[in-house]
Number of protein chains: 2
Amino acid sequence: MISPTQFFKCLSDETRLRCVTLMQKEGKLCVCELTTALDLSQPKISRHLASLRQCGLLQDSREGQWVFYQINPNMPDWTGPLLKNALQAVESTTVFKEDLQRLQKMENRPEFVGCC
Amino acid sequence: MISPTQFFKCLSDETRLRCVTLMQKEGKLCVCELTTALDLSQPKISRHLASLRQCGLLQDSREGQWVFYQINPNMPDWTGPLLKNALQAVESTTVFKEDLQRLQKMENRPEFVGCC
DNA sequence: CGTTAATATATGATTATACGAATATTAATA
DNA sequence: TATTAATATTCGTATAATCATATATTAACG
C-alpha cells in the first residue's frame, strides 16, 4: 500500500503531476494522448507512467495497440481528497490549461471502447 | 510563490512531512522539540526546516535561544485543503503517533511566550 | 569575558532522479 | 512474414538530494 511520503513523491515531478491531473479530469488516456497533450517525448512520458503504475497510483489496460492509463480506483481512502485538491490546485495554472488545449485539439484520438 | 510541484516536493520526504504534520497539529514548535519528537539528529532536522522555510512553507521566529517554526499563515489558498488532507492522511500512521508521544513525554519543553 | 545550550552551516561521500538517445517489444495490417 | 505504429526499456550520464560528521553562529548566563 502506498505511503503518504511516496504519494507526494509521485506528485512532486511536474511531468507526473500533469499526467495525473489530466487523467483525474479526463479519465482514461493513452500514452500518445499524454505525449501530445504535454508535448514531451514518448519515452519520457512512458517512464513516468511506469513509475506511477509501480507505486499503485495508476492502472493500465491495453486496448489493441494502445495502452490506456487511469487513476487506480482502488487507492486508499485518504488519497481521494488529496487528489481532488491537487486537481483544483493545478487546473488553474497556465501549463495545465495548455495541456488541456493540446489534448482537445488532437486529431484521431483513439477511443477507449472497453470490451465490446 | 510556491508551485504545486514544489509544494508536493516539500512533503515528499518523510522527515519534512513529519515536521510539517506535527506543526499543523501542534502549532509553533522549536528545533529541539522536533529533534526530540522525530528522534533524529539536530543538523538533519535543521536542514530540512531551512529548506521548508526557503520554499515559503514555514516561518521561523527566534525567541531567545530558541527558534520556533510554524506553518506560514500567508500561504496561497490552494495549499490549505492540501495541508489539512495531508494531516489527516499522516496522523493515523504509527510513525506519527510515536512522534506525538515523544513530544508529549518531552520534559522542559520551551514555551513560546511571544512579545511579553 | 568564558562557558554552555540551541541552532545553523560547510564539507565530502553516497545515493537517487531524471534525462536523451538508442533499441526492444507488442500488436495491427498489408 | 514484413512493415508500421504504439509503447516500453536499456544505457550512460548529469544533476540533485540526502546524509553523517565536524564546525560555526547566536544568545543566555555566571
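Note on naming: letters A, B, ... go to the chains in the order of the sequence lines (proteins, then strands), and numbering restarts at 1 for each one.
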Heavy atoms within less than 4.0 Å of DNA chain D: which residues of residues 33-54 of chain B have one? Give them sorted by number.
B/P43, B/K44, B/R47, B/H48

Any residue of residues 4-18 of chain B with a heavy atom less than 4.0 Å from an atom of DNA chain C
none

Distance-only donor-acceptor hits, side chain of residues 75-91 of chain A, under 3.5 Å, sequence neighbours excluded:
| unit_1 | atom_1 | unit_2 | atom_2 | d |
| --- | --- | --- | --- | --- |
| A/T79 | OG1 | A/P76 | O | 2.7 |
| A/N85 | ND2 | A/P81 | O | 3.2 |
| A/E91 | OE1 | A/K25 | NZ | 3.0 |

Backbone N/O of A/Q42 and side chain of A/S46: donor-acceptor pair under 3.5 Å:
no

Nucleotide range of DNA chain C contacted by chain A, 5' to 3', under 4.0 Å to a heavy atom?
C/dT17 to C/dA28

Taking A/K97's backbone N and O only, do any of them form a donor-acceptor pair with A/R102's side chain (distance below 3.5 Å, no angle check)?
no

I would like to know whether A/M23 and A/L58 meet side-chain contact (heavy atoms from CB on, under 4.5 Å); could you show each step before the answer?
CA-CA 9 Å; A/M23 281 181 279; A/L58 298 184; 3.6 Å; yes

Side chain to side chain donor-acceptor pair (under 3.5 Å) against B/D13, all qualifying residues, sequence neighbours excluded
none

According to side chain to side chain contact (heavy atoms under 4.5 Å, CB included), who are the partners of B/N74, at least two apart in sequence or on a separate chain?
B/Q59, B/N72

Look at the side chain of A/R53 and the backbone N and O of A/H48, then say whether any donor-acceptor pair between them is shorter than 3.5 Å.
no

I need the minimum non-hydrogen distance between B/L57 and B/V20, along with the two atoms involved.
CD2-CG2, 3.7 Å

Are A/I2 and B/F8 connected into the same hydrophobic cluster when the rule is that any two of I, L, V, M, F, W, Y join if their side-chain heavy atoms are below 4.5 Å apart?
yes

Is a side-chain N or O of B/R18 found less than 3.5 angstrom from the main chain of B/L38, in a donor-acceptor match?
yes

